[in-house]
Structures are given as C-alpha cells and as structure tokens.
Amino acid sequence: MSQYWLMKSEPNEYGWDDLVAEGEGTWDGVKNAQASNNMKAMKKGDQVLFYHSRQGLEVVGIMQISEEHSPDVTTDPERWVVVKVKPLRKMGKPVPLKAMKQNPELKNLAILRQSRLSVAPVTKDEWDAILTMAGE
DNA sequence: GCCAACGTTGGC
DNA sequence: GCCAACGTTGGC
C-alpha cells in the first residue's frame with residue numbers, strides 16, 4: 001500500500017518550478033532525525049505534497065518518490081539520507097497553510113502540530129481533504 | 001526581521 | 001546523564 005507524505009522546501013532555495021525544471025530532484029539537506037526516519041520509510045511510488053515554507057506557505061503540487069533512500073553524501077553519510085522525487089502535477093489551486101489550519105479534518109496534521117518538521121506523514125483522510133481543498 | 005519551538009552539543 | 005547554551009527552522 002502506498003503511503004502519503006508532505007515535504008517542505010523554501011521556494012527561494014528549491015521550489016516547485018525548480019523540481020519541474022529538473023525533471024527529477026534529489027531531496028537532500030534534511031538534518032533531523034524524525035524527518036530522516038520518515039524518509040527511510042518512503043517507498044517508490046509514494047505520493048508527496050510539495051509545500052513552500054517561509055515564502056508562499058502553501059501546498060503547491062504533488063510529487064512521487066522515484067528512488068528510495070540512500071546515504072546523503074553531502075553530509076555525514078552515516079547519518080542522513082536522501083530520496084529522489086519526480087513532479088506529478090501542480091495543484092488545481094494551491095492550498096494555503098491558513099486554510100489547512102481552519103479545516104477541522106486536518107487538526108491532527110503533523111506539520112500543524114509540529115511546524116518545524118520538514119518531512120511528515122499524511123494520512124489518507126488528510127490527503128483526500130487537502131486534494132479536495134485544491135479543487136481536485 | 002523577530003522570536004518561539006525544538007534539536008544538538010558539550011561541560012560538568 | 002543532566003541541562004544550559006547554542007543553532008536552526010519556519011510562522012508571523
């Protein structure tokens with residue numbers, strides 16, 4: 001069974017458009033144990049919401065895990081991992097953080113409970129709710 | 001730009 | 001092994 005996730009990136013560092021331009025992106029630079037564990041649990045084909053943090057503050061698109069975790073050679077390779085992702089499609093319309101906070105269906109959403117977590121699981125129900133909000 | 005939240009580090 | 005100091009993230 002495929003799982004659902006949400007990953008954050010600052011659009012001025014690496015935004016949705018950068019991922020689309022690359023075709024396939026390597027999600028690196030994650031230096032947090034919880035986030036890293038989530039990345040290790042990702043399976044090829046899992047779907048991931050792309051969220052713009054700091055600027056934008058909205059979910060902008062959906063991507064898919066194209067390659068499961070491997071050591072992050074840009075940091076201490078014993079410790080952190082990367083995954084590879086491909087863009088699937090842009091949201092019908094972006095889903096702002098503010099709107100997600102107001103949706104009671106999303107009250108347990110991991111990133112709302114713990115804003116600093118940059119790679120977080122999303123349940124099927126939460127996924128469906130967010131896609132509905134995106135007009136899909 | 002500020003600062004709250006939270007993870008990590010290092011002296012003891 | 002505790003915990004104060006420090007660094008980083010991300011919403012505001």
Side-chain angles (χ1 to χ4, degrees):
Chain A
M1 187 191 83
S2 95
Q3 298 179 91
Y4 301 99
W5 308 95
L6 179 147
M7 298 206 283
K8 297 180 178 183
S9 182
E10 299 188 29
N12 57 334
E13 296 281 330
Y14 188 86
W16 173 259
D17 292 339
D18 298 309
L19 176 63
V20 170
E22 265 194 313
E24 180 177 37
T26 300
W27 210 271
D28 60 10
V30 174
K31 284 174 257 171
N32 170 281
Q34 232 183 315
S36 201
N37 284 338
N38 288 333
M39 287 167 79
K40 286 179 189 168
M42 290 173 173
K43 298 290 179 198
K44 189 170 179 176
D46 281 1
Q47 298 197 347
V48 187
L49 298 170
F50 193 125
Y51 174 80
H52 280 169
S53 64
R54 293 278 295 172
Q55 292 167 34
L57 306 189
E58 57 193 14
V59 175
V60 289
I62 300 172
M63 50 193 176
Q64 191 166 39
I65 301 300
S66 56
E67 194 180 304
E68 291 172 22
H69 70 92
S70 57
D72 186 346
V73 293
T74 67
T75 61
D76 181 347
E78 298 297 309
R79 194 162 178 189
W80 307 118
V81 296
V82 303
V83 293
K84 288 193 179 177
V85 290
K86 283 183 177 171
L88 275 185
R89 66 179 187 277
K90 223 173 173 169
M91 294 311 241
K93 57 175 189 255
V95 179
L97 179 69
K98 202 184 279 182
M100 291 193 284
K101 280 185 171 176
Q102 286 165 357
N103 187 340
E105 290 179 85
L106 300 177
K107 66 175 163 43
N108 291 322
L109 191 66
I111 57 151
L112 297 184
R113 306 203 126 204
Q114 200 181 339
S115 69
R116 290 189 48 211
L117 187 60
S118 63
V119 180
V122 176
T123 67
K124 174 81 170 95
D125 287 347
E126 291 165 346
W127 180 271
D128 290 343
I130 291 167
L131 260 61
T132 299
M133 293 169 80
E136 305 211 358

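Because only heavy atoms are used, hydrogens play no part in the values below, and waters and symmetry mates are left out as well, while side chains stay in. Owing to the predicted nature of the structure, the values given are computational and were not obtained by experimental measurement. The sequence lines fix the lettering, A, B, ..., with proteins before strands; numbering per chain opens at 1.
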*How would you list all residue pairs meeting salt bridge (charged side-chain N to carboxylate O under 4.0 Å, His left out) that involve residues 40-49 of chain A, not counting sequence neighbours?*
none
_Qualifying salt bridge (charged side-chain N to carboxylate O under 4.0 Å, His left out) pairs, either residue in residues 102-115 of chain A, two or more places apart_ = none
Rounded off to whole Å, could you give me the [atom1]-to-[atom2] distance for the [X] and [N] pair?
X: A:Q34; N: B:dG7; atom1: CD; atom2: P; result: 7 Å
X: A:K31; N: C:dT9; atom1: NZ; atom2: P; result: 7 Å
X: A:L112; N: C:dG10; atom1: CG; atom2: C1'; result: 13 Å
X: A:W80; N: B:dT8; atom1: CH2; atom2: C1'; result: 9 Å
X: A:N32; N: B:dT9; atom1: CG; atom2: C1'; result: 16 Å

*Proximity to DNA chain C (any heavy atom under 4.0 Å), residues of residues 5-15 of chain A only*: A:K8
_Within residues 96-111 of chain A, residues whose heavy atoms come under 4.0 Å of DNA chain C_ = A:L97, A:K101
*asked:* If the condition is salt bridge (Lys or Arg N to Asp or Glu O under 4.0 Å), which residues does A:D128 pass it with, not counting sequence neighbours?
replied: A:K124
*Sequence neighbours left out, what passes salt bridge (Lys or Arg N to Asp or Glu O under 4.0 Å) with A:E136? Give chain and number order.*
A:R89
_For A:V82, the rest of its hydrophobic cluster, which grows through side-chain links under 4.5 angstrom_ = none
*Who pairs with A:W16 by ring-ring contact (aromatic ring centres under 6.0 Å, His included), at least two apart in sequence or on another chain?*
A:F50
*May I ask you to test the A:E58-A:M91 pair for a side-chain heavy-atom distance under 4.5 Å?*
no
*Could you pull out all residues at least two apart from A:E10 that satisfy side chain to side chain contact (heavy atoms under 4.5 Å, CB included)?*
A:N12, A:E13, A:S53, A:R54
*Under the side chain to side chain contact (heavy atoms under 4.5 Å, CB included) test, which residues partner A:Q47, sequence neighbours left out?*
A:Y4, A:I62, A:Q64, A:L88, A:W127
Identify all pairs in which a protein N or O lies below 3.5 Å from an N or O of nucleotides 1-5 of chain B, and state each distance.
unit_1 : atom_1 : unit_2 : atom_2 : d
B:dC2  : N4     : A:R54  : NH1    : 3.4
B:dA5  : N3     : A:R116 : NH1    : 3.0

*Just grab all the side chain to side chain donor-acceptor pair (under 3.5 Å) pairs involving residues 22-35 of chain A, residues at least two apart or on different chains.*
A:Y14-A:E22, A:E24-A:S66, A:Q34-A:Q114
*Under 4.0 Å between a side-chain N/O of A:Q114 and OP1 or OP2 of B:dG7, yes or no?*
yes
